4 protein chains.
Amino acid sequence: MTAPHRRNERSRRAILDAALALLTETGYSRMTIEAIAARAGVGKQTIYRWWRSKGAVVLDALVDGLPAAAALPDTGDIHADLRAVIRATVAEFADPHLSATTRALTIETLADAELAAQVRDRLLRPQLDQVRDRLESARRAGQIRDDAPLDQVVELLFGPIYHRWLLRTGPLTEPYADTLVTLALTAACQPTVGPATERQPDLHAE
Amino acid sequence: MTAPHRRNERSRRAILDAALALLTETGYSRMTIEAIAARAGVGKQTIYRWWRSKGAVVLDALVDGLPAAAALPDTGDIHADLRAVIRATVAEFADPHLSATTRALTIETLADAELAAQVRDRLLRPQLDQVRDRLESARRAGQIRDDAPLDQVVELLFGPIYHRWLLRTGPLTEPYADTLVTLALTAACQPTVGPATERQPDLHAE
Amino acid sequence: MTAPHRRNERSRRAILDAALALLTETGYSRMTIEAIAARAGVGKQTIYRWWRSKGAVVLDALVDGLPAAAALPDTGDIHADLRAVIRATVAEFADPHLSATTRALTIETLADAELAAQVRDRLLRPQLDQVRDRLESARRAGQIRDDAPLDQVVELLFGPIYHRWLLRTGPLTEPYADTLVTLALTAACQPTVGPATERQPDLHAE
Amino acid sequence: MTAPHRRNERSRRAILDAALALLTETGYSRMTIEAIAARAGVGKQTIYRWWRSKGAVVLDALVDGLPAAAALPDTGDIHADLRAVIRATVAEFADPHLSATTRALTIETLADAELAAQVRDRLLRPQLDQVRDRLESARRAGQIRDDAPLDQVVELLFGPIYHRWLLRTGPLTEPYADTLVTLALTAACQPTVGPATERQPDLHAE
DNA sequence: GGTTAAGCGAGACGGTACGTCGAGTCTTGAC
DNA sequence: GTCAAGACTCGACGTACCGTCTCGCTTAACC
């Protein structure tokens, strides 16, 4: 691979900025590499040299514009803490503007496994891990079952949101968020019903 | 709209067949209207005359090849019944071949709200409703809480599967399916934890 | 090949006109297919569909704009008649504008044998044949040697002009033209000097 | 200009060799500066620093590989001496390999007047001058007319060859060469026909 | 003999044009 | 009026080279 120290930082910035601007102005699918290059005052080749696809550029642009993930607040009240973050997440997905970008990027990931991994690890994992960490702290505090599969509880929270957003099967509102948190926590706190199931491997075990 | 009684059934079939074939052969995103027309031995116009987009053709092709949804078996054991259907669903998503098609359609869904509604109502809703109906029967049998929000419980089952499939955050296995069913049923059966939340409107109330 | 009756005459004309215009405005080498298409209000594909190269378009444009070759005037005075046509030819090559186009097309023919044949047969041969015909008439009138190789005499007239034009070894003026005609006719009229040479085959013999 | 004493001879050689190799391998028009640089293991800038264009490089490469021009043999028989050199010239143009190179350089010549002058003076003039010198000697020996325009006689010999080669209007054979010599010498030896023409300035008069 | 500016390889850069692809529209004749 | 066929305009694709521009490194000339 090319030594990255030769890379022109000014161009890199211009491209990411242009991508972000076009993303909000014209939407992902109507945005073209050619337009990004023109807007950034850059040759197309310079984009192709450093990124594999439109999706990769947008991903970089988004990650680049994101604040570093801080830990979730831990008030000691797991229910309240989760409600806050899930409400925020639901609101984000409900916002047509933010939603459009996510939607667009999701499309790209469906067709490009490499990109999907990047999106997952650089954009989403941090958010999921925040919640997981908060749940772990709650478990240590005895607020949720010892054998609760934390990863799946996290998915219990985010999965339905994605589902509803993706398939538009219902509104994304605050009461919805609250019910969701309650359901997930009930599943995580109460003793399980039904036959015992094999313990799921913890994806985060080191 | 053009009167459909003039429509050439032979062409319609050829187009849907070609679409299905190309879908599995070349994948959704590399498949073009032009290719469908060529493969079907049909003028491009004939496709544009009857369908709004590539996604619409594919949707028709898929729905066309699908069996009508029958009701889920009801053995009286809600846990066992759900486990069966969720295991099947997880297996379907884990299968690379079936998964490719779903993936394809999901892409289009993301970019086209009109199509999304069609996919949701013609392809997915029947499946979700089967599960919802089974849950309703369980509620009547007193096996789950009276005030459990059935729609959200359904999403508690399917959301995480979509999420894990979409983001590839973990394997889609049988034990995973079983744990998922247990968690969802726990949430639906056990008394809720945390503060009371506003009752969600039932999406199916008439 | 595609049935030509489907071809859009309006586009064809627009392309040839645009090519001719650009040829005189910007010169051959700075003229691009893209510019022709834009100027003609035509998709690039339409040019690529019907022509193999820029040179082919220009050739068509030139041939298209040319009057049908009439026979040279025959006053009975071969010397005067040739002087007229050779003076005109020399003037044409001396004109920077006309010359530029010829020069450009010649470049193209050097790299493309197919095109070269077209240029030779459709653009140049008619002109050469006019002169040859006039020489033949002079031979019949007993004004030049019976065994004079007419094709080579024609080349004796045009070859040096091309040479001088191509290599810029000297000015292209009227006196030059006149001397050239005199030399060529001397070669054609006077008895040959030196050892007898094998009779060259007449390229036009039927 | 940059002081040439700093110039890296190894690079110069590598570039000229690479140019010559690519010329015969891929042909002039498909050969690029980038390819020459890559092949020579040299930075592009090193080429641009010392040559103005692709043609200039090729010219240098060709001149570099050429023997110095010696005087033509002078047996006293002007016809025999010319026949020898013209036969050789015709053979050279008939050879597809040598011809390709000439063709290549001629292309560039057409588009670049500065280069044309170089080619003319460094490559062609020596050859033409050899013939001219031989003719001059013949004139002194009384073998050709006193007032014969030697420059134009030279062109009478070479022009038709170029013409036939360029336009591919006929074969380049020995008998053709011989006829050509006879015609040119007839024009130069015999009294002129037709009206007297203004004496052409001798291009070589000092 | 050490310093220093040049030439050097490498290759990124902003550009221009390439030739191709597919979109969606339009036209032609056959049925 | 629908169909197969396919030409049309349009716009973007990803690539190839252009000629210019740094970057460090090497090297030869002049102190």
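Throughout, protein chains are lettered first and strands after them, A, B, ... in sequence-line order, and every chain is numbered starting at 1. Note that the coordinates shown come from a computational prediction; the quantities given were computed from them, not determined experimentally.
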Salt-bridge criterion met for Glu34(A) and Arg39(A) (N-O under 4.0 Å) = no

query = Can you check whether Val42(A)'s main-chain N or O pairs, donor with acceptor, with Thr46(A)'s side chain at less than 3.5 Å?
reply = no

note = So NZ of Lys44(B) and OG1 of Thr32(B): to nearest 0.5 Å the spacing works out to 8.5 Å

inquiry  = Give the residues of residues 36-46 of chain D touching DNA chain F, defined as any heavy atom closer than 4.0 Å, sorted by residue number.
reply    = Lys44(D), Gln45(D)

Rounded distance in Å - [atom1] ([X]) to [atom2] ([N]):
X: Arg7(A); N: dC23(F); atom1: CZ; atom2: P; answer: 16 Å
X: Arg12(D); N: dG9(E); atom1: CZ; atom2: C1'; answer: 19 Å
X: Asn8(B); N: dA30(E); atom1: CG; atom2: C1'; answer: 14 Å
X: Ile47(B); N: dA4(F); atom1: CD1; atom2: C1'; answer: 12 Å
X: Lys54(D); N: dA16(F); atom1: NZ; atom2: P; answer: 16 Å
X: Arg10(A); N: dT22(F); atom1: CZ; atom2: P; answer: 11 Å

Does OP1 or OP2 of [N] have a side-chain N or O of [X] closer than 4.0 Å?
X: Trp50(B); N: dC3(F); result: yes
X: Arg49(A); N: dC13(E); result: yes
X: Thr32(B); N: dC21(E); result: no

message = Quick check with a 6.0 Å cut-off and a 45 degree axis cone: is Arg12(C) positioned over the face of Trp50(C)'s six-membered ring?
response = no

message = On a heavy-atom basis, which atom in Asn8(D) and which in Arg10(D) lie closest, and how many Å separate them?
response = OD1-N, 2.8 Å

Please report, to 0.1 Å, the donor-acceptor pairs under 3.5 Å made by any side chain of residues 54-62 of chain A, with sequence neighbours excluded.
residue	atom	partner	partner atom	Å
Lys54(A)	NZ	Tyr28(A)	O	2.9
Lys54(A)	NZ	Met31(A)	O	3.0
Asp60(A)	OD1	Arg122(A)	NH1	3.1
Asp60(A)	OD1	Arg122(A)	NH2	3.2
Asp60(A)	OD2	Trp51(A)	NE1	3.0

key: Residue mapping more 5' on DNA chain F - nearest nucleotide basis, Tyr48(A) or Arg30(D)   = Tyr48(A)

remark   = Walking DNA chain F from its 5' end, the first of Glu34(A) and Met31(D) to be reached, judged by nearest nucleotide, is Glu34(A)

query = When you look at CZ of Arg168(D), are more than 12 heavy atoms from neighbouring residues, nucleotides or ligands closer to it than 6.0 Å?
reply = yes

Nearest-nucleotide comparison on DNA chain E, the residue closer to the 5′ end among Ala35(C) and Glu9(A) = Glu9(A)

